[in-house]
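Step one of this worksheet: look at the structure below.
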Amino acid sequence: MAFDFEKIKNDFPILDQKIYNKQLIYFDNAATSQTPLQVIEAEANVYKTYNSNIHRGVHCLSNKCTEAFEDVRKRTAKFLNARNNFEIIFTKGATESINLVAFSFVNTFLNKGDEIIISEMEHHSNIVPWQLMKQYKGIALKIIPVNEQGELNIEAFQNLLSPKTKLLAITHISNALGTINPIKKLIDIAHNNGTKVLIDGAQAVQHIKVDVQELDCDFYVFSGHKLYGPTGTGVLFGKEDLLNSMIPYQGGGEMIQTVSFEKTTFNELPYKFEAGTPNYAGIIGLGAAIDYINEIGLDNITAYENELHKYAESQLLTIPGLRIIGTAKHKTSVTSFLVDNIHPYDMGMMLDKIGIAVRTGHHCAQPIMDKFKIPGTVRASFAFYNSKDEIDSFVSGVRKVKQMFA
Amino acid sequence: MAFDFEKIKNDFPILDQKIYNKQLIYFDNAATSQTPLQVIEAEANVYKTYNSNIHRGVHCLSNKCTEAFEDVRKRTAKFLNARNNFEIIFTKGATESINLVAFSFVNTFLNKGDEIIISEMEHHSNIVPWQLMKQYKGIALKIIPVNEQGELNIEAFQNLLSPKTKLLAITHISNALGTINPIKKLIDIAHNNGTKVLIDGAQAVQHIKVDVQELDCDFYVFSGHKLYGPTGTGVLFGKEDLLNSMIPYQGGGEMIQTVSFEKTTFNELPYKFEAGTPNYAGIIGLGAAIDYINEIGLDNITAYENELHKYAESQLLTIPGLRIIGTAKHKTSVTSFLVDNIHPYDMGMMLDKIGIAVRTGHHCAQPIMDKFKIPGTVRASFAFYNSKDEIDSFVSGVRKVKQMFA
Amino acid sequence: MEINDIQEDIIEEFSGFDDWMDKYSYLIELGNDLDGFDEKNRLDQNLIEGCQSKVWLNAELTNGKVIFTADSDAIIVKGIVALLVRVWSNHTPQEILDNDLYFIDRIGLKDHLTPTRSNGLVSMVKQMKLYALAFSAKN
Amino acid sequence: MEINDIQEDIIEEFSGFDDWMDKYSYLIELGNDLDGFDEKNRLDQNLIEGCQSKVWLNAELTNGKVIFTADSDAIIVKGIVALLVRVWSNHTPQEILDNDLYFIDRIGLKDHLTPTRSNGLVSMVKQMKLYALAFSAKN
Ligand SMILES: Cc1ncc(COP(=O)(O)O)c(C=O)c1O
Ligand SMILES: Cc1ncc(COP(=O)(O)O)c(C=O)c1O
């Protein structure tokens, strides 16, 4: 392993605690990742030393705070390999990023009857915003089906495309199944049809290197709190020309050039899409999270997490009656499963009692649960601070619970 | 003075620093207030001990985090004296709260040609969202004029009302002038006309006690970062029946009951308006800020700040050629001024060099600057941690700068 | 037996468990043993859909007493459902309305009855009271 | 004089100030002394509207050299404007295009030329280069 596991454990004091007298094992990373001390301190340090409302201030603290905030924009652009810093819009989370595009892209470019494609495995945050636009604007929503393994049906996708298809909005990695979608391929197919593409990277940026120029996606979104950063932070990457053409989303301070009751002109990118005082302390924390990840190295993280994930699935499968939901060829870090005759809620409740935090239920992806005709799953999701030892305890925990229900 | 000033100073380590070798004097509180250690620690403590995505989790940390988050909702409801906890919607700031109402209220209740009234002294965040709706929805925007002192013309307001007036959106306290508007009176007049009322309390909740039941306002909004809380947090209070009738704003996780491609049903209040993972760590910090204020006592704060504010204005007015912009009878905590022949930017720059942080420019309230035919003002705004000594240094600073420009 | 006597009995029963596992084993047992939910009552109108698990609740008034029958798809929830039925079923609407449910706290299962749990139990308790109210109004 | 000789001169002049006040007094003096901005050039097209202050910039090509004249409504900004004009005015478009503006950093006024300052100065520098480019293309 290329990184210092002991040091990493020290960066996350939350992991070193007992739950009902059992050592905590945190396998709910896909819901939110834990936050290293470096991030907690970067954010606290804002409030302790230079907190001040950013932009337009002439005094020293305000300049310092503005520079720290804008510097995170640069580091985020670099993290995604965006061409321009101003293609990075800060939001409060992936959900808001998608809502922003849903409102501004659809209202700028789509007419009644135009079509948007999503998939059957999307998170509610990449379904409902489009459903709302369907209602408000009369656009149509098409759905790419998923096979038994939890993989997209690419042929079906190609058949859904029409001259009216203006956008494909699709997840990079499924939060419920762990499937890594072949997004480069999907983007190419979509672009050949003149269709723009939004990638929901909420479950991707923390696991694999993303290069928006190489992918050539039009929009890419993620949440800070799943990338070891603070809650209330999110990112929207958008291509310059699209963002420039799009009407603004929210109105307020920051996003204007001049305001009068007769005529208001909007600010340039990125400010046009950042109405109101941003969560600058949170964003500065997100910057520290990106630095933290870069220091460990995303490649190292990917390799280690893949190892964990493979190990977990192989060990789980030794339990009779356990079946893994989502068996795509390309998967990462998320393992959803069910044990015969045990309701996922019961499994989650009992694992909690032995210190193991997993998520249960539909994972905000009801359509794919309905498709698989299951009420939900038990989901264990891993991060680089987890270990094989923890997986061993987890697997024996699942066995124990199974016995109790026998 | 009823509170312990020395203790308070210790709670704000940021204030104890030197800028260019001069003791910092922070008079930019209307842009953002400083954050006491109690708030910084409450937020850090989330990440250090129980951080976990809230709602729907079955495990221990998730329950703990959810309860802490929902408890802040109760304390916020109490802070504003809202009838029900679920009338408190958490947002990322006052700007977002206003945008939410602009979108959801207008799209639910207004038709083309219906009217909304705002005033000439609004912050851009209470102007642009309505201008956007004007554009998208064809509603009309009427403006209450302001007199030379910076007070609303109530008679003119009454004349603007018509059967088509569906909403009055008005600031409680002006961020540029310091005027305290007679909102109880405005609300009564509006209600007599069947007009609903949104109050922008971004500059009010930190200075005076607000009771939404007594005011009987329909919506009340504020930002956490101006109330000694974290950035990226905000509140929308709305009356139950209105919020229930209104269409949702953003779509995503949390705000739904069930999702399918055929039919999605929305969650009940307050969740219907809280799409995506909320800034729960920030909101828990906001809860600590509310506790902090309650402990000092808002009445004590009001009394002390009024004293500071009166003292500051009386001292400033001893400087020849200095004129105060905004001389309303009811004012608080904000003093905007200009000195003959000195551009506000120059004044701000030079004050900064002697350690004094003030804001200069149009304060995101261009229309009122245009009305007064000035490019902007120098604005000193006070908080309970400021002192008369600081005001003395500030006034002598202004004198010094004036001499340099003589 | 009076409602509160039943509550006391349950508290007594649970006082013997010193660890979580024993308590939950007992809940599972209670869940497994709960029957009497008539399939003809498995109707949408009797369904309380929590986000995590489902609860079915049926109520009838027989000889002035409310007879509750209930079910859940999750066994631990079903165990708690069994306890709730045991406590309140077979009492008059007024007795139910007047009763204060305290055993849940005392046996350390409060966690399961917080509004944010969305396992259907909070709604179930509300619904039971509403039935009692409806039946008492009818009387 | 070569552009960089002027930059060196300015750095030399500022090296004598040991505190902020002296430096800013000098900037104010420079601002007050700057004239030569012809009122007929106070046109919208010459206006660079910062959020905090305004800058007017006019450029003409005379005998192959760019003549900049400029003004600002804020005196400290005007002082910096005076320095920028002194450095780049009266040079050929190519000399301006090739030049690297370093004196601002060296005299400790970098803060005033960050994009977030919105006092018009960053845009002014960009605009001066653009004029030079436009004039060099014409030649
Ligand atoms: C794939 C995916 N998209 C979007 C989201 C929404 O993220 P957030 O709740 O942080 O806005 C999530 C979070 O669960 C997710 O997993
Ligand atoms: C009166 C008023 N309204 C609204 C706002 C917007 O607040 P925020 O930028 O925190 O969303 C402000 C902040 O300056 C304000 O002073």
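Every chain is numbered from 1 and lettered A, B, ... according to where its sequence line falls, protein lines coming before strand lines. Note that the structure is predicted; figures quoted are calculated from it, not measured.
- Closest non-hydrogen pair, B:Q34 versus A:Y47, comes out as OE1-O, 4.4 Å.
- Between B:R359 and A:S52 the shortest heavy-atom distance is NH2-OG, 4.3 Å.
- The backbone N or O of B:G276 lies less than 3.5 Å from no partner atom in the side chain of A:S125, so there is not a single donor-acceptor pair.
- Counting heavy-atom pairs closer than 4.5 Å to chain A, the top residue among B:I256, B:I143, B:T360 is B:I143.
- For B:M133, no part lies under 4.5 angstrom from a heavy atom of chain A.
- Every residue two or more places apart in sequence or in another chain was checked for a salt bridge (charged side-chain N to carboxylate O under 4.0 Å, His left out) with A:E254, and none qualifies.
- Here the options are A:I284, A:N279, A:I54, the test is side-chain contact (heavy atoms from CB on, under 4.5 Å), and the partner is B:T231; only A:N279 passes.
- Here A:T95 is the residue among A:T95, A:D16, A:I98 with the most heavy-atom pairs under 4.5 Å with chain B.
- For B:Q131, the part lying near chain A is the side chain, with the backbone staying farther off; criterion is any non-hydrogen pair under 4.5 Å.
- The main-chain N or O of A:V259 is found under 3.5 Å from a side-chain atom of B:Q366 such that the two form a donor-acceptor pair.
- Looking at B:L100, there are no atoms closer than 4.5 Å to chain A (heavy atoms on both sides), in backbone or side chain.
- Heavy atoms closer than 4.5 Å to chain A are found nowhere in B:P36, neither backbone nor side chain.
- With hydrogens and angles disregarded, no donor-acceptor distance shorter than 3.5 Å links the side chain of B:R56 to the backbone of A:H362.
- Taking the centre of each ring, B:F103 and A:Y136 come in below the 6.0 Å mark.
- Heavy-atom distances place the backbone of A:V46, and not its side chain, under 4.5 Å from chain B.
- Taken to the nearest 0.5 Å, the CG atom of A:N53 stands 6.0 Å off from the NZ atom of B:K226.
- The minimum heavy-atom distance linking A:P248 with B:L132 is given by the pair CG-CD2, 4.2 Å.
- Contacts of B:L24 with chain A are made by side-chain atoms alone, with heavy-atom separations under 4.5 Å and no backbone atom involved.
- Contact count against chain A (heavy-atom pairs under 4.5 Å) is highest for B:T264 among B:T264, B:L351, B:L141, B:I356.
- Put simply, of B:T35, B:N51, B:I247, B:N29, the one with the most heavy-atom pairs under 4.5 Å next to chain A is B:N51.
- For B:V358, the part lying under 4.5 angstrom from a heavy atom of chain A is the backbone only.
- For B:D370, the part sitting under 4.5 Å from any heavy atom of chain A is the side chain, from C-beta outward, and nothing else.
- Of all heavy-atom pairs between B:N99 and A:Y249, the closest is OD1-O, 4.5 Å.
- For chain B, no part of A:T233 is nearby; none of its heavy atoms comes within less than 4.5 Å.
- Put simply, of B:K134, B:M255, B:Q135, B:H225, the one with the most heavy-atom pairs under 4.5 Å next to chain A is B:H225.
- The local environment of NZ in B:K272 is crowded, with over 12 non-hydrogen atoms from other residues, nucleotides or ligands closer than 6.0 Å.
- For B:P278, the part sitting under 4.5 Å from any heavy atom of chain A is the backbone (N, CA, C, O) and nothing else.
- Contacts between B:S62 and chain A at a heavy-atom distance below 4.5 Å involve the side chain alone, from C-beta outward.
- When the salt bridge (charged side-chain N to carboxylate O under 4.0 Å, His left out) test is applied to B:K371, the partners found at least two apart in sequence or on another chain are B:E120.
- Taking the six-membered ring where tryptophan is involved, the planes of A:Y26 and B:H59 are perpendicular, since the angle between them exceeds 60° and thus also 30°.
- Within the 4.5 Å cutoff, the side chain of B:T32 has no heavy atoms near those of the A:T277 side chain.
- Between A:A44 and B:I40, the closest heavy-atom pair is CB-CG2, 3.5 Å.
- The nearest pair of heavy atoms linking B:C60 to A:I19 is CB-CG2, 3.7 Å.
- If you tally non-hydrogen atom pairs under 4.5 Å between each of B:P230, B:C364, B:G234 and chain A, the highest count goes to B:P230.
- Among A:G224, A:A102, A:A281, the residue making the largest number of heavy-atom pairs under 4.5 Å with chain B is A:A281.
- When each of B:Y280, B:W130, B:F266 is checked for heavy-atom pairs under 4.5 Å with chain A, B:Y280 comes out on top.
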Do A:I118 and B:F261 pass the side-chain contact (heavy atoms from CB on, under 4.5 Å) test, and can you show the C-alpha distance, the side-chain angles, and the key distance before you say yes or no? CA-CA 10 Å; A:I118 62 176; B:F261 295 124; 3.9 Å; yes
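- Under a 3.5 Å cut-off, the side chain of B:Q250 and the backbone N or O of A:P129 do not form any donor-acceptor pair.
- Proximity to chain A (any heavy atom under 4.5 Å) is restricted, for B:L37, to the side chain, taken from C-beta onward.
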Tell me, with the steps shown, if A:L61 and B:Q17 meet side-chain contact (heavy atoms from CB on, under 4.5 Å). CA-CA 11 Å; A:L61 295 188; B:Q17 69 173 295; 4.0 Å; yes
